[in-house]
Number of protein chains: 4
Amino acid sequence: MSPPVTRSRLSSRPAAKAASAKRGSHSKSLAAPKTRDADRSRAAILDAATDAFAELGLAGARVDEIARRAGVNKALLYHYFGNKEALFVAVLEATYARIRGAESALDLERFEPAEAMTKLVDFTWGYFQEHPEFIHLVNSENLHRARHLAQSERLHEMHHPLVERIREILGRGVASGVFRMGVDPVQLYITIASLGYFYLSNAHTLGVVFSRNLLSAQSRGARRRHIQEVVAGYLRPEIDHA
Amino acid sequence: MSPPVTRSRLSSRPAAKAASAKRGSHSKSLAAPKTRDADRSRAAILDAATDAFAELGLAGARVDEIARRAGVNKALLYHYFGNKEALFVAVLEATYARIRGAESALDLERFEPAEAMTKLVDFTWGYFQEHPEFIHLVNSENLHRARHLAQSERLHEMHHPLVERIREILGRGVASGVFRMGVDPVQLYITIASLGYFYLSNAHTLGVVFSRNLLSAQSRGARRRHIQEVVAGYLRPEIDHA
Amino acid sequence: MSPPVTRSRLSSRPAAKAASAKRGSHSKSLAAPKTRDADRSRAAILDAATDAFAELGLAGARVDEIARRAGVNKALLYHYFGNKEALFVAVLEATYARIRGAESALDLERFEPAEAMTKLVDFTWGYFQEHPEFIHLVNSENLHRARHLAQSERLHEMHHPLVERIREILGRGVASGVFRMGVDPVQLYITIASLGYFYLSNAHTLGVVFSRNLLSAQSRGARRRHIQEVVAGYLRPEIDHA
Amino acid sequence: MSPPVTRSRLSSRPAAKAASAKRGSHSKSLAAPKTRDADRSRAAILDAATDAFAELGLAGARVDEIARRAGVNKALLYHYFGNKEALFVAVLEATYARIRGAESALDLERFEPAEAMTKLVDFTWGYFQEHPEFIHLVNSENLHRARHLAQSERLHEMHHPLVERIREILGRGVASGVFRMGVDPVQLYITIASLGYFYLSNAHTLGVVFSRNLLSAQSRGARRRHIQEVVAGYLRPEIDHA
DNA sequence: CATGAATGAGATTTCATTCAT
DNA sequence: GATGAATGAAATCTCATTCAT
């Protein structure tokens with residue numbers, strides 16, 4: 001397993017440009033050649049911006065560099081997105097949409113409560129590992145007190161199903177006696193996220209502080225097991241002293 | 001209880017001016033406007049820089065503004081610290097020194113294992129709440145992959161005692177049968193930190209995402225209890241199936 | 001004849017604006033105020049920089065002033081040249097290219113050895129007089145130990161023909177008995193340059209030291225004759241004592 | 001023979017500080033301890049300034065660095081010399097005084113004309129080699145059009161004897177038939193200076209331009225011989241066509 | 001749709017000089 | 001005579017953004 005963080009390429013999203021073979025003198029579809037180019041440019045910009053903002057934050061990223069990486073002119077970037085902050089908002093929305101989409105695909109309802117929970121924990125940890133850009137972008141946005149996220153209206157609806165899904169699993173687990181009672185699903189989700197997110201997000205400082213390489217394959221494996229144990233340990237019902 | 005994060009004043013560190021009682025009794029004017037006291041100026045700059053970097057990050061903070069807030073000339077800032085990045089390093093060092101100093105003062109050795117652990121969890125949660133600048137600065141530094149922290153040599157030694165203290169508590173707890181065996185102290189500390197740090201650090205985005213005010217006094221109280229439960233739940237020994 | 005050194009305008013290079021006839025015949029407005037012509041802007045910057053560096057040296061010249069004189073924004077200057085030093089390198093290269101270009105145009109091969117030498121000496125003296133910016137720039141660069149010139153790769157090839165031309169003249173002169181034998185062409189060129197360059201370069205201090213105006217038309221005429229005599233006197237073959 | 005130009009130490013003037021053996025707890029002479037310290041500080045500043053201005057020019061040298069090298073406080077430098085330009089003037093005066101002093105010590109009157117001339121040429125070449133700071137400072141001053149030198153009143157009188165000495169040698173040489181007639185002593189002195197000064201002053205650019213190391217011991221020896229030949233060749237009387 | 005040219009405002013940093021003791 | 005602290009002004013350089021085509 002290779003380390004998930006690489007300098008030159010932070011994200012593992014589907015590359016926007018790879019698909020277009022330098023577009024020959026004629027576009028493939030005669031129906032909508034203009035639109036396809038426009039979409040492609042937009043996507044390329046968004047992609048480059050995601051990388052740049054993740055790497056350097058909102059203040060640190062350079063519009064010049066984003067345009068260069070996207071292979072388009074700066075003016076076009078402004079044409080499509082208005083300004084740097086609006087571009088950042090677009091990047092955030094797309095980023096959240098991706099994680100929630102992947103989560104939905106888990107179909108947790110099909111599994112027993114304990115297994116469903118294990119799967120959720122693994123997915124979350126795995127996603128954070130494979131998507132360092134998610135962590136970096138969310139950190140950046142927190143530095144700005146979620147000022148940009150607050151502008152998005154699609155977000156609430158995006159997250160409602162997640163909470164409901166967890167609530168449902170917890171309910172089934174309590175009913176079958178494998179989970180303790182009274183667990184708040186939001187609280188639990190935050191905890192699940194915490195245990196992986198903080199570790200990865202702060203791996204660099206923690207690594208220096210504790211003189212350990214926290215990103216080696218071995219360290220990450222140990223962390224995965226630890227997280228599963230913490231969640232499972234917490235969810236165990238209290239011992240019955242009858 | 002008021003929310004701990006305010007825009008104009010992020011930190012609650014001891015004010016720099018107070019610290020300077022070193023000038024002997026023969027200090028001429030009691031209300032000297034132009035300072036001419038190197039220590040005081042240095043401290044004022046460090047203080048202002050801590051606020052600014054915490055609020056806006058390394059890239060976002062402005063040297064001009066830091067000097068203004070410190071009440072000194074920009075040139076003096078450069079005279080003392082060399083450049084913006086070196087100032088950031090100085091801020092980080094001082095910030096870590098403060099939290100580790102406060103931690104040492106807990107004297108956890110005096111308490112029973114369970115109580116010591118509760119105290120450590122409470123301290124950590126409490127410190128993060130009262131010191132949003134710590135969280136923001138560490139986040140910023142992680143954005144830079146701990147590049148600046150790596151330059152500091154005093155850090156390792158600063159953190160060694162922390163790990164040893166936790167290891168000792170765990171050992172006593174296992175011996176007296178109240179803790180499970182085989183817990184890695186570093187892993188556990190990261191978990192304790194995670195549960196509070198992530199919640200506070202990401203309170204803004206999480207608040208938008210889950211449409212909840214996570215920083216209300218009530219929410220924070222609930223989180224405190226949840227964290228204690230998670231840690232305690234995890235540390236509980238396995239049920240004896242005899 | 002007016003003194004060749006004037007404060008406001010050191011160079012007599014072909015003005016940048018004149019050079020831009022490249023924009024096709026369909027150039028809309030004849031007196032476009034905002035240029036939008038990259039070549040013209042580049043040339044204007046180079047031109048202004050040549051003046052400024054010649055007048056004040058690398059350290060003394062001001063980027064602000066160069067941009068102002070070129071009629072462009074500072075940012076554009078940085079866009080084209082990167083930084084002040086790189087601009088200085090570009091100025092040096094262009095400056096050497098001009099003198100070597102003018103020299104080539106002499107076609108010394110067409111003349112008898114003695115006449116060719118007289119022409120070369122006159123050209124050199126004349127060029128130094130008419131191009132005080134050459135002297136000033138080269139002096140500046142020597143102050144920097146040719147650090148910038150060493151970065152240029154085009155220089156060697158630029159100077160090879162010069163040496164070969166002198167060697168050829170010397171050869172012919174020895175063959176026809178008008179020049180002494182064993183003269184090193186590089187050594188001779190340095191001497192020819194010395195006699196004029198030093199006089200003009202140091203005219204100000206020498207003028208003060210010897211209480212003479214060395215830049216009057218009369219003084220300059222006298223120096224020209226002196227230089228011709230020195231070179232001719234040196235090249236005379238040894239007296240044959242047969 | 002060691003190379004005359006070294007980066008760390010440009011001048012070979014008597015070091016100001018070497019003489020003072022760290023000045024023990026008691027100054028040597030009880031009579032004027034204060035004065036001696038003052039002189040020492042002044043000399044140290046002048047010395048450091050000479051190095052700095054020679055290395056970097058007036059604009060390039062830093063007052064901070066001069067004070068540091070002199071081992072004194074910046075304020076003291078200002079106390080003694082007023083400002084940077086005045087310090088530069090003081091450096092120039094001292095520099096010219098040194099070369100004229102050394103020249104006077106030659107006692108050229110004692111020698112036959114041809115030998116006296118050879119000695120003068122050798123001295124000039126030798127002095128320039130051993131005192132690169134002289135060349136650099138004079139170049140800097142020429143960049144400023146002798147603005148500072150013009151402020152010094154002691155200069156004219158300093159140089160009058162030099163011209164008279166050369167005139168006297170020339171006169172004797174013409175009388176004894178070894179020199180040509182009608183040579184202007186000022187013109188000749190400038191030529192003698194040119195041939196060495198330009199070579200050394202421009203050694204860096206010429207070295208790059210001609211791809212030769214002009215500062216090797218061998219190159220410098222060749223130049224010395226060439227200069228003697230040029231001067232001697234020029235001074236030879238015209239061939240008698242009787 | 002797309003671009004290269006150009007810019008204004010403001011960022012960090014430098015440096016000669018003065019102040020207070 | 002000497003110093004460390006402090007500064008104002010100005011330098012180089014950056015960067016988000018707009019213009020003209």
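Numbered from 1 within each chain, the chains take letters A, B, ... in sequence-line order.
- Checking F/dC13, F/dG4, F/dA6 against the side-chain heavy atoms of B/L76 singles out F/dA6 as nearest.
- Within the 4.0 angstrom heavy-atom criterion, no nucleotide atom of any strand lies near B/A67.
- With distances taken from any side-chain atom of A/Y78 to the nucleotides F/dG4, E/dT13, F/dT17, the minimum falls on F/dT17.
- Atom C1' of nucleotide E/dA16 and atom CD1 of D/I66 are separated by 11 Å, given to the nearest angstrom.
- Taking the charged nitrogens against the carboxylate oxygens, B/E141 and B/R147 have no contact shorter than 4.0 Å, which rules out a salt bridge.
- We find that NZ of D/K84 is positioned 4 Å from P of E/dA16, with the value rounded to whole Å.
- Nucleic acid contact class of D/A61 (heavy atoms, under 4.0 Å, all strands): sugar-phosphate only.
- For the strand DNA chain F, secondary-structure stems (runs of at least three Watson-Crick or G-U pairs, all distances below 3.5 Å) span E:2-21 with F:2-21.
- Contact annotation: D/N73 side-chain N/O to F/dA2 OP1/OP2 distance is not under 4.0 Å.
- Between A/L58 and A/S140 the shortest heavy-atom distance is N-OG, 4.4 Å.
- Among the protein residues, D/Y80 comes within range of the sugar-phosphate backbone only, with heavy atoms under 4.0 Å from sugar or phosphate atoms but none that close to a base.
- Distances shorter than 4.0 Å separate some side-chain N or O of D/S41 from OP1 or OP2 on F/dA2.
- Distance alone, capped at 3.5 Å, places no donor-acceptor pair between the A/K84 side chain and the A/Y78 backbone.
- Between C/H79 and B/G82, the one whose closest nucleotide on DNA chain E sits nearer the 5' end is C/H79.
- As a whole-Å value, the separation of D/D64 CG from E/dT18 P is 15 Å.
- A/K74 meets the side-chain contact (heavy atoms from CB on, under 4.5 Å) test with A/V63, A/D64, A/A67; sequence neighbours excluded.
- Put simply, the side chain of A/K74 and the base of F/dT17 share a donor and an acceptor less than 3.5 Å apart.
- The nearest whole Å value for the distance from the CZ atom in B/R68 to the P atom in F/dT7 is 14 Å.
- Residue contacts for D/N83: at a heavy-atom cut-off of 4.0 Å it reaches the sugar-phosphate backbone alone, with no base atom in range.
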